[in-house]
Amino acid sequence: MRSLLFVPGDSEKKLEKGLTSGADVLLIDLEDSVSAERKETARRIAADFLTANRDRLSPRLFVRINDLTSGLANDDLTAVMPALPHGILLPKSNSGKDVTRLAAKLNVHEARAGVAEGSTQILAIITETAIGTLSAASYPDVSTRLIGLSWGAEDLSAAIGARKARDESGRYTDVFRLARAVTILGASAAEVAAIDTVYINYRDDGGLARECMDAERDGFTGKLAIHPAQVPIINETFTPSAEAVEHARKIIDAFSADPSAGVIGIDGQMFDRPHLRRAERLVARTKSTT
């Protein structure tokens, strides 16, 4: 999962366009981009779209439902689960307990649909509330459905009363840098993907590219997108280069040839077990994009 593109669930035109965007995942949105008056229309359009496109190999189709405290999540799931989305994006997750609650709901819907339990995966946005941000360490072992954690700045800024999330230079202020950091750490602790948040200025390709490079450097493996034009930049940044893959395979092969070694020398440099784990993760990322 390099690129995850949000598409309003009530727009048939934008949903169809999303199929040709090159995104690895389409996030069919029933939450923020859909007004209260169009929630039911969005559920119907989303279900029809899922039914028509569920068997496509790419992009994978996830649905962002409304959060579990909204009173809307159950209706969202009732509408879309018979159409068998690949996954659900859970917004405003306050802790791992919310993922467990969602997983239990999915068990029921999968049983009704006659599909194997666990077929529907879960992504969670974990920093849209103060308690959610402080609970980033609560996601290990909550559900085998959980495949990734992401973060959000806009809802968090509203929740805590911050006037802006970035300073005059465009850098996130300390609270939001903390939210970003705990997402990486929480995802690592849970052994799931860390997905960077959206870059809202979709006309600023240079700014997006810089933010993608910073995110990839720090451990994120993908990024949320709000416009199809952002997808190629995200995909390019989060696709490991051929040189990086070759180097990673050298490390893996060297340790495979000498399983008892704690340290291996390659081309005049020393590599230990943390380097091996990093190499294995990088190669795994290449397999997930092919």
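These values consider heavy atoms only, across backbone and side chains, with no hydrogens, waters or symmetry-generated copies. Source: prediction; values computed, not measured.
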Sub-3.5 Å donor-acceptor pair from the side chain of [X] to the main-chain atoms of [Y], do we have one?
X	Y	answer
Q269	G265	no
T78	N74	yes
S188	L185	no
S138	G96	yes
S119	V115	no
S157	A162	no

Cationic tip of R166 above Y172 ring, under 6.0 Å, 45° of axis: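 Relative to the ring axis of Y172, which defines the angle, R166 lies inside both limits.
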
Should we count [atom1] of [X] as having more than 12 external heavy atoms under 6.0 Å?
X	atom1	answer
D55	CG	no
I200	CD1	no
R217	CZ	yes
D141	CG	no

[X] side, atom [atom1]; [Y] side, atom [atom2] - distance, nearest 0.5 Å:
X	Y	atom1	atom2	value
K92	S70	NZ	OG	8.5 Å
I126	N94	CD1	CG	11.0 Å
M1	I234	CE	CD1	13.0 Å
I264	D253	CD1	CG	11.0 Å
H86	N53	NE2	CG	10.0 Å
E191	I147	CD	CD1	14.5 Å

Considering non-hydrogen atoms only, spot the tightest contact between [X] and [Y] and give its length.
X	Y	result
G219	A194	O-CB, 4.1 Å
L5	P228	CD1-N, 3.9 Å
A165	A153	CB-CB, 4.2 Å
D167	T173	N-CG2, 3.9 Å
Y139	S93	OH-OG, 2.8 Å
N66	L30	ND2-O, 3.0 Å

With the threshold set at 4.0 Å, does a side-chain nitrogen-carboxylate oxygen contact exist between [X] and [Y]?
X	Y	result
D24	R60	no
E110	R145	yes
R2	E236	no
K250	D267	yes
D75	K39	no
K223	E211	yes

Starting from the C-alpha separation in whole Å, work towards a yes-or-no answer on salt bridge (charged side-chain N to carboxylate O under 4.0 Å, His left out) for D218 and R180. CA-CA 10 Å; D218 291 344; R180 179 182 182 275; 2.9 Å; yes

Do [X] and [Y] come within less than 4.5 Å of each other through their side chains, counting heavy atoms only?
X	Y	value
I88	L77	yes
W151	D196	yes
L4	L123	yes
V7	I28	no
T100	S143	no
L90	D67	no

L15 and S11: side chain to side chain contact (heavy atoms under 4.5 Å, CB included), yes or no, with the steps? CA-CA 6 Å; L15 286 168; S11 174; 5.6 Å; no

Any chain of hydrophobic side-chain contacts (each under 4.5 Å) joining [X] to [Y]?
X	Y	answer
I195	L102	no
V192	I125	no
L26	V80	yes
I65	L72	no
V231	Y199	no

Verdict with supporting geometry, F271 and I266, side chain to side chain contact (heavy atoms under 4.5 Å, CB included): CA-CA 7 Å; F271 298 93; I266 302 174; 3.8 Å; yes

Quick check on side-chain contact (heavy atoms from CB on, under 4.5 Å): which of T133, L149, L134 does V182 satisfy it with?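 Of T133, L149, L134, side-chain contact (heavy atoms from CB on, under 4.5 Å) with V182 is met by T133 alone.
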
Under a 3.5 Å threshold, yes or no: a donor from one side chain and an acceptor from the other, between N235 and T239?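 Distance-only check fails for N235 and T239.
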
Between E12 and D48, is a side chain to side chain contact (heavy atoms under 4.5 Å, CB included) present by the stated rule, with each step listed? CA-CA 10 Å; E12 294 169 319; D48 290 345; 5.9 Å; no

Can you tell me how the ring of Y202 sits relative to the ring of H227, calling it parallel under 30°, perpendicular over 60° and tilted otherwise?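 Aromatic pair Y202/H227 classed parallel.
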
Between D155 and T129, does a side chain to side chain contact (heavy atoms under 4.5 Å, CB included) hold up when you go through it step by step? CA-CA 7 Å; D155 283 282; T129 66; over 6 Å; no

